[in-house]
Amino acid sequence: MIKVDDLTKEYPMGDSSVKALKGVSFEINENEFVAIMGPSGSGKSTLMNIIGCLDKPTSGSYQLNEQQVASLDDDALSVVRNKDIGFVFQSFHLLPRLSALQNVLLPLRFSSSETQETDYAHELLNRVSLADRYDHRPNQLSGGQRQRVAIARSLVNKPAILLADEPTGALDSKTSVEIMALFTELHRAGQTIILVTHEEEVAAYAQRVIRMRDGEIVEIEHNLGECNA
């Protein structure tokens, strides 16, 4: 599904450049749950942005479903981001004036999918245990509930890959466990998940952990997954 080979990323800084990624290579298969872990400045978020087609590498190869991403134009990349990849962020990115249901439906405004879209959004909110919160706005929801809305929104286009960037970073420990249990449930149902984190407790839910430091992969660790259960 994903194949990254000798990927580099450099950012210009004055007369020199900063190397955020230095020859990164790995593969992620369909239905895997993988965590990318490392301290601040390790390159994990840069890598996530490239996987999510939000940024382009300086050199190297990135294949998504056997297609070279570098060969795609901006319109094709937009389609990939909207249809093939779902995004979950630490800060939720919900629109404050919209209800939970309206926030979940938002990505469908940019796609051609219209069939039973409201019914499916209801189904997703039920799935993330928000059946009684359809009409609530973000300021009427707890942090964990807002993240559940964001997860439902990320799934509304039925993406092949779910990318989660520090999804528990703004949550307390109890709510973090609940959100990770939800990711585990999604993975058991067949969802491919790639999660960026700096927390060992969160990475323990994944089947594999790609550990990064200073723009390089220093270890790829195989877990039992599901918090080593």
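The model shown is predicted, which means the values in this text are computed figures rather than measured ones. One-based numbering along the sequence shown.
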Problem set entry | Any R213 side-chain heavy atom under 4.5 Å of V218 side chain | yes
Exercise. How long is the gap from NZ on K19 to OG1 on T46, to the nearest 0.5 Å?
Worked result: 14.5 Å
Exercise. Any side-chain heavy atom of L163 within less than 4.5 Å of one from V88?
Worked result: no
Problem set entry | N/O donor-acceptor pair under 3.5 Å between H198 side chain and M37 backbone | no
For this session: Please confirm whether the backbone N or O of A164 pairs with a side-chain atom of Q90, one donor and one acceptor, at under 3.5 Å?
Result: no
Exercise. Are V128 and L101 connected in a single hydrophobic cluster, I mean Ile/Leu/Val/Met/Phe/Trp/Tyr linked by side-chain heavy atoms less than 4.5 Å apart?
Worked result: yes
For this session: Might you point out which heavy atoms bring N103 and L98 nearest each other, and give the distance in Å?
Result: ND2-O, 3.2 Å
For this session: Side-chain contact test, heavy atoms from C-beta onward, threshold under 4.5 Å: evaluate it for I2 versus E27 and give yes or no.
Result: no
For this session: State, to 0.1 Å, how close N31 and Q207 come at their nearest heavy-atom pair, and which atoms those are.
Result: O-OE1, 3.9 Å
Problem set entry | Atom of Q145, atom of L130 and distance for their closest heavy-atom approach | O-CD1, 3.6 Å
For this session: Take E221 and R208 through the salt bridge (Lys or Arg N to Asp or Glu O under 4.0 Å) test and state the conclusion after the steps.
Result: CA-CA 6 Å; E221 172 186 316; R208 281 196 295 154; over 6 Å; no
Exercise. Do the non-hydrogen side-chain atoms of S61 and Q68 ever get within less than 4.5 Å of each other?
Worked result: yes
For this session: Is it possible for you to say whether L155 and F87 belong to one hydrophobic cluster, with membership spreading through side-chain heavy-atom contacts below 4.5 Å?
Result: no
For this session: Write down the atom of M48, the atom of I194, and the distance for their closest heavy-atom approach.
Result: CE-O, 3.6 Å
Exercise. Do V79 and L64 sit in the same hydrophobic cluster, where Ile, Leu, Val, Met, Phe, Trp and Tyr count as joined when their side-chain heavy atoms come under 4.5 Å apart?
Worked result: no
Exercise. What is the minimum heavy-atom distance between F183 and F33, and which atoms define it?
Worked result: CB-CZ, 4.2 Å
Problem set entry | V69 and Q63, any side-chain heavy atoms less than 4.5 Å apart | no
Problem set entry | Gap between atom CG of L72 and atom NZ of K56 - 0.5 Å precision | 8.5 Å
For this session: Begin from the C-alpha positions of V156 and L108 and carry the test side chain to side chain contact (heavy atoms under 4.5 Å, CB included) through to its verdict.
Result: CA-CA 8 Å; V156 75; L108 295 175; 3.8 Å; yes
For this session: Would you confirm whether T168, through its side chain, and L171, through its main-chain N or O, come within 3.5 Å as a donor-acceptor pair?
Result: no
Seminar exercise, completed: Rounded to the nearest 0.5 angstrom, the CG-CG distance for D84 and L77 is 11.0 Å
Exercise. Do R153 side-chain atoms and F92 backbone N/O form a donor-acceptor pair below 3.5 Å?
Worked result: yes
For this session: Check the hydrophobic clustering (I, L, V, M, F, W, Y; side-chain heavy atoms under 4.5 Å; chains of links allowed) and say if V196 and M1 are grouped together.
Result: yes
Problem set entry | Side chain proximity check, K9 to Y11, heavy atoms < 4.5 angstrom | yes
Seminar exercise, completed: Heavy-atom nearest pair, Q191 first then L162, reads NE2-N, 3.6 Å
Exercise. In terms of heavy-atom contacts, does CD of E66 have more than 12 from other residues, nucleotides or ligands at under 6.0 Å?
Worked result: no
Problem set entry | From CA spacing to verdict: side chain to side chain contact (heavy atoms under 4.5 Å, CB included), V34, I210 | CA-CA 7 Å; V34 176; I210 298 173; 3.8 Å; yes
Problem set entry | Residue pair T8 / T58, side-chain donor-acceptor N/O under 3.5 Å | no
Exercise. Can any side-chain N or O of S78 pair as donor or acceptor with the backbone N or O of D74 at less than 3.5 Å?
Worked result: yes
For this session: Could you tell me whether the side chain of Y62 and the main chain of I51 form a donor-acceptor pair under 3.5 Å?
Result: yes
Exercise. Is there side-chain contact between S59 and D6, with heavy atoms separated by less than 4.5 Å?
Worked result: no
Problem set entry | Heavy atoms from other residues, nucleotides or ligands near CZ of R211 exceed 12 (cutoff 6.0 Å) | yes
For this session: Apply the test side chain to side chain contact (heavy atoms under 4.5 Å, CB included) to residues Y205 and I193: give CA-CA distance (whole Å), side-chain angles for both, the deciding distance (0.1 Å), then the verdict.
Result: CA-CA 11 Å; Y205 285 85; I193 300 174; over 6 Å; no
Exercise. Do any N or O atoms from the side chain of N29 and from the backbone of E32 form a donor-acceptor pair under 3.5 angstrom?
Worked result: no
Problem set entry | Within one Ile-Leu-Val-Met-Phe-Trp-Tyr cluster: I161 and L54, side-chain cutoff 4.5 Å | yes
For this session: Could you go through the side chain to side chain contact (heavy atoms under 4.5 Å, CB included) check for H222 and V209 one step at a time?
Result: CA-CA 6 Å; H222 293 266; V209 181; over 6 Å; no
For this session: Could you tell me whether a side-chain N or O of N157 sits under 3.5 Å from a main-chain N or O of P159, the two making a donor and an acceptor?
Result: no
Exercise. Is it true that the NZ or CZ of K158 lies under 6.0 Å from the centre of Y120's six-membered ring and within 45 degrees of the ring axis?
Worked result: yes
Exercise. Going by heavy atoms in the side chains, are L195 and P167 under 4.5 Å from each other?
Worked result: yes
For this session: For R127 and E123, run salt bridge (Lys or Arg N to Asp or Glu O under 4.0 Å): C-alpha distance rounded to whole Å, both residues' side-chain angles, the deciding distance at 0.1 Å, then the answer.
Result: CA-CA 6 Å; R127 190 175 180 184; E123 179 184 327; 5.9 Å; no
Problem set entry | Nearest-0.5 Å distance that lies between atom CD1 in I179 and atom OG1 in T184 | 11.0 Å
Exercise. If only atom types and distance count, is the side chain of K22 paired as donor or acceptor with the main-chain N or O of D214 below 3.5 Å?
Worked result: yes
Exercise. Just by distance, do the side chain of D55 and the backbone of I50 share a donor-acceptor pair under 3.5 Å?
Worked result: no
For this session: Starting at CD of E166, measure out to OG of S91 and round the result to the nearest 0.5 Å.
Result: 11.5 Å
Seminar exercise, completed: Value for OG1 (T192) from CG (L186), rounded to nearest 0.5 Å, stands at 11.5 Å
